[in-house]
Amino acid sequence: MTDKTTSTAAPPRHDPKVIVALRNFAISITVFNILGYALLGFEQPWIWPFIALATGYTVEIGLEMLGARVENRAPRFLGNGMRGMVEFLYPAHITSLAVNMLIYVNDRAWVLIFGVVVAVATKWVLRAPVRGKMRHFMNPSNWGITVLLLLFPWMSIAPPYHFSENVDGWIDWLIPAIIVAAGTMLNGKLTGRLWLIGAWLVTFALQAIIRGIIFDVSIPGGLATMTGIAFVLFTNYMVTDPGTSPSKPGSQIAFGAGVALIYGFLMMAHVAYGLFLATAIVCLIRGLFLWSLHFANKARDEREAAQRAEEAAASSSNGDGGTPVALEPAQQATARDGNKIVRTP
């Protein structure tokens, strides 16, 4: 008999395909940050990516140890040496660098630290049941940035020009081309989110045209947003987060189109930072849907179990092993077969 206090083995955090996607994403964002600070013109202090990474790693490991203790299992970063630790920290690495890269908070590093803490901790707080497992439904880096924008109105996202501030000419075209090519390969072969990207791009273009027709705003201006490096990064690496976006084609289309539509409504309401807010709203709607689906399925299972219990009780009361029913005199004739008495109907 096993001891109940013995920790169970930690379940794998991701399947191999997702690990490869996370590894490629982590390498891409690391290289992009190195080039950004060395050549492109990133305006945050050079020490801040290290502060963000130290914060993200600490929060991720600390919450995993706490979760393992509560769930009576081994931490997921144990059991495979340094490789296991590195693979475990891929999501925190990506989230931390993304938050730092996409915000500008002047010289207040504590705001950056707070944003990274919120982003990484989101995966443990805002979760919903998916196929029997608890999964986070809010895009971590997007949610961390959204919370900062809501709590600190004086801050802003990083200026879009800093992705290519120190280069010009054909390099201005090369940077988005590389991002699109790498993102398309990543999402096509590993995450399978091309349906989402297609729906997002088509609907974004349509909402820009419709806003131009109805409200007489500049249609070329609305469409020009799609040519910026910030938009390209958002399209290929933010909205397509495999952990917080659906996998089925129909659901992907609804998700991508929903983000674009809500962005259009936010623009009509003159709300700034629409990309981040729209993504957070759609993720929240999806999370509420997952919880409502869970409760609906639970209520259905309870009804079916109660119905089966009632049917079993009714069957038992009619003579199937329960209270005997009264028989007519003709039905009480007996026939002997050996030493057994058989009741004949």
Side-chain angles (χ1 to χ4, degrees), residues 25-26 28-60 91-123 125-126 136 138-166 175-176 179 183 225 228-241 243-244 259 262-263 266-267 271-284:
F25 194 180
S28 298
I29 197 170
T30 301
V31 171
F32 191 62
N33 270 265
I34 293 173
L35 294 177
Y37 281 95
L39 301 174
L40 302 181
F42 282 17
E43 297 193 353
Q44 298 91 344
W46 65 267
I47 196 65
W48 283 25
F50 298 97
I51 296 175
L53 288 173
T55 303
Y57 292 167
T58 302
V59 174
E60 186 85 342
H93 184 91
I94 295 167
T95 298
S96 302
L97 288 182
V99 171
N100 175 68
M101 182 177 68
L102 296 174
I103 65 172
Y104 190 79
V105 292
N106 299 321
D107 59 347
R108 303 183 184 182
W110 65 269
V111 179
L112 165 66
I113 294 172
F114 176 74
V116 174
V117 170
V118 171
V120 176
T122 295
K123 295 183 292 184
V125 178
L126 300 178
H136 65 283
M138 293 299 293
N139 186 305
S141 54
N142 183 84
W143 180 242
I145 295 171
T146 301
V147 170
L148 291 182
L149 292 172
L150 294 174
L151 294 181
F152 307 104
W154 51 265
M155 65 154 286
S156 69
I157 60 171
Y161 61 78
H162 88 156
F163 293 110
S164 58
E165 183 177 7
N166 294 337
I175 295 173
I179 296 173
T225 303
I229 295 178
F231 183 90
V232 175
L233 283 170
F234 182 88
T235 299
N236 288 275
Y237 296 101
M238 178 72 79
V239 75
T240 56
D241 175 33
T244 56
V259 175
I262 292 180
Y263 170 85
L266 293 174
M267 291 298 98
V271 177
Y273 310 121
L275 290 179
F276 298 100
L277 292 173
T279 303
I281 291 171
V282 172
C283 286
L284 179 59

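All values below come from the heavy atoms of this structure, side chains included, with hydrogens, waters and symmetry mates left out.
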Heavy-atom closest pair (Trp143 atom, Ala280 atom, distance to 0.1 Å) is CE3-CB, 4.0 Å

Q: Test Leu39 against Asn166 for side chain to side chain contact (heavy atoms under 4.5 Å, CB included), laying out the working first.
A: CA-CA 7 Å; Leu39 301 174; Asn166 294 337; over 6 Å; no

Report task. Answer whether the closest heavy-atom distance between the side chains of Phe114 and Val147 falls below 4.5 Å. Result -> yes

Between the CG atom in Asp241 and the OG1 atom in Thr95, the distance rounded to the nearest 0.5 Å is 7.5 Å

One should read off an interatomic distance between Leu148 CG and Ile157 CD1, to the nearest 0.5 angstrom, of 12.5 Å

When rounded to the nearest 0.5 Å, the distance separating CG of Leu266 from CG of Leu277 is 6.0 Å

Next on the checklist: Applying side chain to side chain contact (heavy atoms under 4.5 Å, CB included) to Val116 and Asn100, what does each step give before you reach the verdict?
Outcome noted: CA-CA 8 Å; Val116 174; Asn100 175 68; 6.0 Å; no

One should read off an interatomic distance between Leu284 CG and Leu126 CG, to the nearest 0.5 angstrom, of 8.0 Å

Do His162 and Leu40 come within less than 4.5 Å of each other through their side chains, counting heavy atoms only?
no

Notebook entry, point to check: In this structure, are over 12 heavy atoms from other groups packed under 6.0 Å from Trp154 atom CH2?
Noted result: yes

Quiz item: Sub-3.5 Å donor-acceptor pair from the side chain of Ser96 to the main-chain atoms of Ala52, do we have one?
Solution: yes

Q) Aromatic rings Phe42 and Phe32: how do their planes relate, parallel, tilted or perpendicular, breaks at 30° and 60°? A) perpendicular

*asked:* Are the side chains of Phe152 and Val111 in contact, using a 4.5 Å heavy-atom criterion?
replied: yes

Does atom OH of Tyr273 have more than 12 heavy-atom neighbours, drawn from other residues, nucleotides or ligands, at distances under 6.0 Å? yes

Would His136 and Thr122 count as a side chain to side chain contact (heavy atoms under 4.5 Å, CB included) here? Give the steps.
CA-CA 7 Å; His136 65 283; Thr122 295; 5.6 Å; no

For Lys123 and Ala92, the nearest pair of non-hydrogen atoms, with its separation, is NZ-N, 4.3 Å

Flag, side chain of Asn139 to backbone of Cys283, donor-acceptor distance under 3.5 Å | no

If only atom types and distance count, is the side chain of Glu43 paired as donor or acceptor with the main-chain N or O of Ala158 below 3.5 Å?
no

Note: Ala119 and Val99 closest approach over all heavy atoms is CB-CG2, 4.1 Å

So CD of Gln44 and CG of Asp107: to nearest 0.5 Å the spacing works out to 13.0 Å

Margin query: Would Leu102 and Met238 count as a side chain to side chain contact (heavy atoms under 4.5 Å, CB included) here? Give the steps.
Written below: CA-CA 11 Å; Leu102 296 174; Met238 178 72 79; 3.6 Å; yes

Between Pro140 and Thr244 the two heavy atoms that sit nearest each other are CD-CG2, 4.3 Å

One should read off an interatomic distance between Asn142 CG and Met138 CE, to the nearest 0.5 angstrom, of 7.0 Å

Problem - Min side-chain heavy-atom separation Trp48-Val105 under 4.5 Å - result: yes

Pro45 and Pro49 have their tightest heavy-atom pair at O-CD, 3.5 Å

Smallest heavy-atom separation, Leu97 atom then Thr30 atom, equals CD1-OG1, 3.9 Å

